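The structure displayed is predicted, hence computed values, not measured ones. When a residue number appears, it is its place in the shown sequence, counting from 1.
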Amino acid sequence: MKQFFLPFLVWFGMINRQTLKADFFAGLTGAVVVLPQGVAFAAIAGLPPEYGLYTAMVTPIIAGLFGSSLHLISGPTTAISLVVFSTISRYAEPGSAEFIQMVLTLTFLAGVYQLVFGLMRMGMLVNFVSHTVVIGFTAGAAILIATSQMKYVLGIPIPKGESFMHTWIDVAYGIGEINVYILSVAVFTMLSALLMKRYFPRMPHLLFGMVMGSAASFVVGGEAHGLKYIGEIPGHLPPFSVPELSFAALRELASGAFAVALLGLIEAVSIARSIATKSQQRLDGNQEFVGQGLSNIVGSFFSSYAGSGSFTRSGINYSAGGQTPLAAVFAAILLALIVLLVAPYATYLPVAAMGGIILLVAYNLIDMHHIKHIIESSRSETSILATTFFATLFMELEFAIYMGVILSLMIFLMRTSMPSIVSLAPNPEEVHHKLAEVAEYNLKECPQLKMIRIDMSIYFGSLDKVQRELGKIVEKQHIKHILIIGESINFIDLAGAEMLVQEAKRFKSLGGGLYLQGAKGKVYDFMDRIDFLADFGEGNVFGSKEAAIKSLSRRLDRDICAQCHKRIFRECAGLPSPKT
């Protein structure tokens, strides 16, 4: 229990001089990287730039101390920023005091959702959501983000609140109004950042791009040619804030907050697991939920908006040699020191340069490698990808998230509702005539006793498939004795147990029987609790294949056995030779 509420005690003993040094330099790298990202992400969220930096100072500390991952770095992210903007912009003007107040409330409520999920041990729920949902949503979000920056990098007047399609229509009609100076600064910013990344990959290329964009703006004449600037960023620590917790405000933002919470959890756990495969660390999904929830709850009282795990910063943290979550703490503290020093210089940062940086961020969000792999390997995952992607472009963002998640769950349920049912028979080439798949080894089957293995669970979703397969065996093969080998059955629910009892009675009325062998311990425990054996028949459940075949061979029609030429069971050896 102590580890659940105070998880930092688990890794606190790992700290020594070496880990402190490694964490400090990893934190320094992270602080430099997040400086331009925080400003860019705040712009995407419709907030003043300092709010992205506040989030990068508060969120990673709380998430690091109360999460389970040693390397996950939380803070502002692109996808969450876009959902925040989409949710709140319908109620208030972006950047206004009312907008900021509602963002804080949204952040608090999202954190409460996440914390409750963690306390209720619902971390495993993320396993049921395909990572394809995140890939599709993020790709769609990247297109939306790039679309939202067109007026800043082209200088074309586009009305606020325009939809995806209408924005591009406005761009098409306004091609002749492009401000060459604004476009030049944006393009120069992007090229500078790309060249720095190409030739000096360890250097903060986004920060370099911003500096070069500011220099380009000065060279071309800046304001005289229509360029606008970010303005001075307050050079102080995150101020105390109070989210509005009235019933009306919470009810208004409940749906959007749930979408933010869900997307944030999927992002954080997916990233943490990705890095854990390299670091060989075991993660606790419930603890990650708690860490993310507390980080957003606490953040909402310190002028921070909703955050989650960052793949870029987490990957850099791991690559830079971070050993413990102290790297996240160092990154936050060092960022605060950097902000105190450089905040006044944001006055010289052109909006066009920021737009160019955001376009690079958006481009990097599109995971072409995984998208190609999904399209080539799985039709069902491709449908999830396409649905989430287009829903993100043309529908409300929170609905797009729900739609992708629901479709992901539907496909999961469809897969589990269609269990593989394999015919088995003794393999004469194996020791003790071990059972093997009939189709794979072209084995002979008994004309009276059918042996099948059900690969998955017998629950309400799979009942139709199992019943139909049992019916086909009776109708097409005219076999009335069926032995289910249950070693691959993960669980049987109440509906599944009732179906098996119903089928057993039907087979008995036909003069045959339905039998079960080799079920897992937890399946037998469930059977005992519901008194399954009394209805199914204790004599129809066996502990071993040998016992099952020995017993069932005596229940078969001896006249048919006498004429059978297959004789696949050892028990058939004592029968008289069939008449020719």
How long is the straight-line distance from CZ of Phe507 back to CD1 of Ile479, given to the nearest 0.5 Å?
9.5 Å

For Asp23 and Thr324, what are the C-alpha separation, side-chain angles and deciding distance, and is it a side chain to side chain donor-acceptor pair (under 3.5 Å)?
CA-CA 7 Å; Asp23 288 339; Thr324 74; 2.6 Å; yes

Neighbour count >12 (heavy atoms, 6.0 Å) for atom CZ, Phe394
yes

Counting N and O atoms only, with roles assigned by atom type, does the side chain of Ser86 sit under 3.5 Å from a partner on the main chain of Leu82, one being a donor and the other an acceptor?
no

Show the numbers, then the answer: is there a side chain to side chain donor-acceptor pair (under 3.5 Å) between Ser74 and Gln292?
CA-CA 8 Å; Ser74 294; Gln292 294 299 315; 2.9 Å; yes

Looking at side-chain heavy atoms only, is the closest gap between Phe491 and Tyr459 below 4.5 Å?
yes

Determine yes or no for a side-chain-to-main-chain donor-acceptor pair under 3.5 angstrom, with Asn286 supplying the side chain and Met122 the backbone.
yes

Using the side chain to side chain contact (heavy atoms under 4.5 Å, CB included) rule, take His369 and Asp367 through it: C-alpha gap first, then chi angles, then the decisive distance, then the call.
CA-CA 6 Å; His369 172 73; Asp367 191 343; 3.8 Å; yes

Are any non-hydrogen side-chain atoms of Ser462 and Met418 less than 4.5 angstrom apart?
no

If the test is side-chain contact (heavy atoms from CB on, under 4.5 Å), which one of Leu265, Leu294, Leu115 qualifies with Phe289?
Leu265

Does the Ser69 side chain pair with the main chain of His71, one donor and one acceptor, at a distance under 3.5 Å?
yes

Can you check whether Arg506's main-chain N or O pairs, donor with acceptor, with Ser509's side chain at less than 3.5 Å?
yes

Gap between atom CD1 of Ile384 and atom CD1 of Ile406 - 0.5 Å precision:
12.0 Å

Specify the closest pair of heavy atoms between Val260 and Ala110, including all atoms of both residues, with the distance to one decimal.
CG1-CB, 4.0 Å

Atom CE of Met499 and atom CD1 of Ile492: how far apart are they, to the nearest 0.5 Å?
8.0 Å

Shortest non-hydrogen contact from Ala400 toward Thr388:
O-CG2, 4.2 Å

Would Ile485 and Ile454 count as a side chain to side chain contact (heavy atoms under 4.5 Å, CB included) if you check the C-alpha gap in whole Å, the side-chain angles of each, and the deciding distance to 0.1 Å?
CA-CA 7 Å; Ile485 306 298; Ile454 300 177; over 6 Å; no

Would you mind reporting whether Ile473 and Ile452 have side-chain heavy atoms less than 4.5 Å apart?
yes

Closest heavy-atom contact between Gly512 and His481?
CA-CE1, 3.5 Å

Nearest 0.5 angstrom please: Glu445 CD to Ser423 OG, how far?
5.0 Å

For Ala26, does its backbone N or O pair with a side-chain atom of Asn317 as donor and acceptor, under 3.5 Å?
no

Can you list the steps and then say if Gln448 with Asp557 is a side chain to side chain donor-acceptor pair (under 3.5 Å)?
CA-CA 8 Å; Gln448 293 193 77; Asp557 189 322; 5.6 Å; no

If you compare all heavy atoms of Arg555 against all heavy atoms of Tyr515, which two are closest, and at what distance to 0.1 Å?
NH1-CE2, 3.3 Å

Between Tyr305 and Gly299, is there a donor-acceptor pair closer than 3.5 Å when you use the side chain of the first and the backbone of the second?
no

With a 4.0 Å cut-off on N to O distance, would you call Glu503 and Lys508 a salt bridge?
no

To the nearest 0.5 Å, how far apart are CG in Leu533 and CG in Asp528?
6.0 Å

Would you say Lys465's side chain and Pro419's backbone share a donor-acceptor pair under 3.5 angstrom?
yes

Pair Lys472-Glu475, salt bridge (Lys or Arg N to Asp or Glu O under 4.0 Å): steps then yes or no
CA-CA 5 Å; Lys472 287 180 182 178; Glu475 295 170 11; over 6 Å; no

Is the backbone of Gly307 close enough, under 3.5 Å, to the side chain of Asn296 for a donor and an acceptor to pair up by distance?
yes

So with a 6.0 Å cut-off around NZ of Lys450, is the heavy-atom count from everything else above 12?
yes

Between Leu104 and Phe108, is the side chain to side chain contact (heavy atoms under 4.5 Å, CB included) condition met? List the steps.
CA-CA 6 Å; Leu104 296 176; Phe108 174 83; over 6 Å; no

In terms of side-chain geometry, is the basic nitrogen of Glu381 or Arg415 positioned less than 4.0 Å from the acidic oxygen of its partner?
yes

If I compare all heavy atoms of Val84 with all of Ala306, which pair ends up nearest, and what's the gap?
CG2-CB, 4.3 Å

Please find the pair of heavy atoms, one from Phe301 and one from Ile297, that lie closest to each other, and give the distance.
CD1-O, 3.2 Å

Has Ser553 got a side-chain atom pairing as donor or acceptor with Ile549's backbone, closer than 3.5 angstrom?
yes

Between Asp525 and Arg529, does any side-chain N to carboxylate O distance fall below 4.0 Å?
no

Is there a side-chain contact between Pro426 and Phe569, using heavy atoms and a 4.5 Å cut-off?
yes

Can you confirm whether Pro325 sits close enough to Leu70 that some side-chain heavy atom of one is under 4.5 Å from a side-chain heavy atom of the other?
yes

Apply side chain to side chain contact (heavy atoms under 4.5 Å, CB included) to the pair Leu253 and Ile88, showing each step before the final yes or no.
CA-CA 8 Å; Leu253 298 174; Ile88 306 300; 3.6 Å; yes

Side-chain donor or acceptor of Arg567 paired with backbone N/O of Cys564 under 3.5 Å:
yes

Between Asn490 and Lys520, is there a side-chain heavy-atom distance shorter than 4.5 Å?
yes

Measure the spacing between CD1 of Ile266 and OG of Ser308 and express it to the nearest 0.5 Å.
9.5 Å

Could you check if a side-chain atom of Pro428 sits within less than 4.5 angstrom of a side-chain atom of Leu443, using non-hydrogen atoms only?
yes

Go through the steps to decide whether Arg379 and Ser383 satisfy the test side chain to side chain donor-acceptor pair (under 3.5 Å), and finish with yes or no.
CA-CA 6 Å; Arg379 293 178 63 183; Ser383 67; over 6 Å; no

Quick test of your reading: applying ring-ring contact (aromatic ring centres under 6.0 Å, His included), list the pairs with at least one residue in residues 525-556, sequence neighbours left out, ordered by first then second residue.
Phe532-Phe536

For the pair Tyr402 and Phe258, name the ring-plane relationship: parallel under 30°, tilted 30 to 60°, perpendicular over 60°.
tilted

Is it the case that more than 12 heavy atoms not belonging to Lys566 sit under 6.0 Å from its NZ atom?
yes

Do Lys545 and Leu435 have side-chain heavy atoms sitting under 4.5 Å apart?
yes

